[in-house]
Amino acid sequence: DSFYLRTFLTHVSAVFQNMDVRREVKDWEGVSWYGWSTTRYSVDKKTRMRSLVGAGLIGLPVAKFISMVRASDTLQRCRAEANEYLSLLELVVKQYDREGWVDHAEDRLGITAPGEGYYIFPRKSPRWCDGANLPLNQQDEFGSLLLEMYKLTGNKEYLEKAVKLGRVLRRQLIWDEEESILHWPY
């Protein structure tokens, strides 16, 4: 339906217009990044911080939309927007390369096995748990975005990180015989 398509495009454009870099909003490091910061999770509730899970929650539906545009003849009219959104998502994802990724070789917390990796809250950030690993659900939301970005770009770095995150999750899962479900200790 063209109404919903126009509405979606309007909302996504507004979301990208609200990125810190476009509004000249600076975070706790005094930097304005591609992404969206908030004061909600900082210790003092005043200092702005970016959120990996927020980037995943915002980026994943947009990345899936881009995939739909590429796969649909009727959505080709949205190709320019999809290309712009992909370029912006790549900038959002790239910022998290510099903050918080830990491969097995650098794992000081002893969380990983070989072939695994995870994200941490940035060290010296205004979070009560700076330097700690992010909860699995937060990392894996971003991991879902990384998988979609790999499908869109073919960039193997996205796939490698998503697989490493998935391996950490898989190793943490516990099979519950009574309920026949997998769960992880939260």
Of all the heavy-atom pairs spanning Gln139 and Leu165, show the shortest one and how long it is. OE1-CD2, 3.2 Å

Step by step, would you call Leu88 with Arg22 a side-chain contact (heavy atoms from CB on, under 4.5 Å)? CA-CA 11 Å; Leu88 291 168; Arg22 292 200 167 155; 3.7 Å; yes

Within the side chain of Asp130, is there an N or O that forms a donor-acceptor pair under 3.5 Å with the backbone of Lys124? yes

Atom pair CD1/CD1 of Ile181 and Ile174 - distance to nearest 0.5 Å: 11.0 Å

Note: Phe121 and Asn133 closest approach over all heavy atoms is CE1-O, 4.0 Å

Side-chain donor or acceptor of Glu148 paired with backbone N/O of Leu60 under 3.5 Å: no

Could you walk me through whether Leu86 and Met149 pass the side-chain contact (heavy atoms from CB on, under 4.5 Å) check? CA-CA 8 Å; Leu86 180 58; Met149 293 296 288; 3.8 Å; yes

Reported CG-to-CZ distance for the pair Leu136 and Arg171, which is rounded to 0.5 angstrom: 9.5 Å

Hydrophobic cluster membership, Phe8 vs Val15, 4.5 Å side-chain cutoff: yes

Looking at CD of Glu141 and OG of Ser51, how far apart are the two atoms once the value is rounded to the nearest 0.5 Å? 10.0 Å

Side-chain heavy-atom pair Val53, Leu134 within 4.5 angstrom cut-off: no

In terms of relative ring orientation, are Tyr119 and Trp101 parallel, tilted or perpendicular, with 30° and 60° separating the classes? perpendicular

Rounded to the nearest 0.5 Å, how far apart are CG of Asp176 and NE2 of His183? 4.5 Å

Leu159 side chain reached by Leu147 side chain, heavy atoms, under 4.5 Å: yes

Atom NZ in Lys161, atom CG in Asn155: separation rounded to 0.5 Å? 9.5 Å

Rounded to the nearest 0.5 Å, what separates atom NZ in Lys94 from atom CH2 in Trp33? 9.5 Å

State yes or no: do Leu169 and Val102 share one hydrophobic cluster built from I, L, V, M, F, W and Y residues joined by side-chain heavy-atom distances below 4.5 Å, directly or via other members? yes

Quick check: are there more than 12 heavy atoms from other residues, nucleotides or ligands sitting under 6.0 Å from CD of Glu106? yes

Would Val25 and Trp36 satisfy side-chain contact (heavy atoms from CB on, under 4.5 Å), going step by step from the backbone distance to the final call? CA-CA 9 Å; Val25 171; Trp36 306 268; over 6 Å; no

Exceeds 12 heavy-atom contacts within 6.0 angstrom, atom OH of Tyr41: no

Determine whether Leu173 and Trp175 make a side-chain contact, defined as any pair of heavy atoms from C-beta on separated by less than 4.5 Å. no

Would you say Phe16 and Tyr34 make side-chain contact, with heavy atoms under 4.5 Å? no

Treat each ILVMFWY residue as a node, draw an edge where side-chain heavy atoms are under 4.5 Å apart, and state whether Met49 and Val92 are in one component. no

Minimum heavy-atom separation for Ile66 and Leu152, please, with both atom names. CG2-CD2, 3.6 Å

Is a side-chain N or O of Glu116 found less than 3.5 angstrom from the main chain of Ala113, in a donor-acceptor match? yes

Is there a path of hydrophobic side-chain contacts, each under 4.5 Å between heavy atoms, that joins Tyr150 and Met68? yes

Does any non-hydrogen side-chain atom of Arg167 lie less than 4.5 Å from one of Val163? yes

Taking all non-hydrogen atoms of both residues, which atom of Val69 and which atom of Leu75 are closest, and how far apart? CG1-O, 3.5 Å

Please give me the minimum heavy-atom distance between Gly143 and Ala162, naming the atom from each residue. O-CB, 3.7 Å

Do you reckon Val168 sits in the same ILVMFWY cluster as Ile120, going by side-chain contacts under 4.5 Å, direct or chained? yes

Between Arg48 and Lys26, is there a side-chain heavy-atom distance shorter than 4.5 Å? no

Lys45, NZ atom: more than 12 neighbouring heavy atoms under 6.0 Å: yes

Residues, nucleotides or ligands: over 12 heavy atoms within 6.0 Å of Glu157 CD: no

What class does the angle between the rings of Phe65 and Tyr85 fall in, given that below 30° is parallel, 30 to 60° is tilted and above 60° is perpendicular? tilted

Contact check, side chains of Leu5 and Leu9, non-hydrogen atoms, under 4.5 Å: yes

Show the nearest heavy-atom pair for residues Tyr118 and Thr112, with the distance to one decimal. CD2-CG2, 3.3 Å

Are any of the side-chain heavy atoms of Tyr158 and Glu90 separated by less than 4.5 Å? yes

For the pair Ser13 (side chain) and Thr10 (backbone), establish whether a donor and an acceptor sit closer than 3.5 Å, ignoring hydrogens and angles. no

Return yes if some donor-acceptor pair links the side-chain N/O of Gln76 with the main-chain N/O of Ser72 below 3.5 Å, else return no. yes

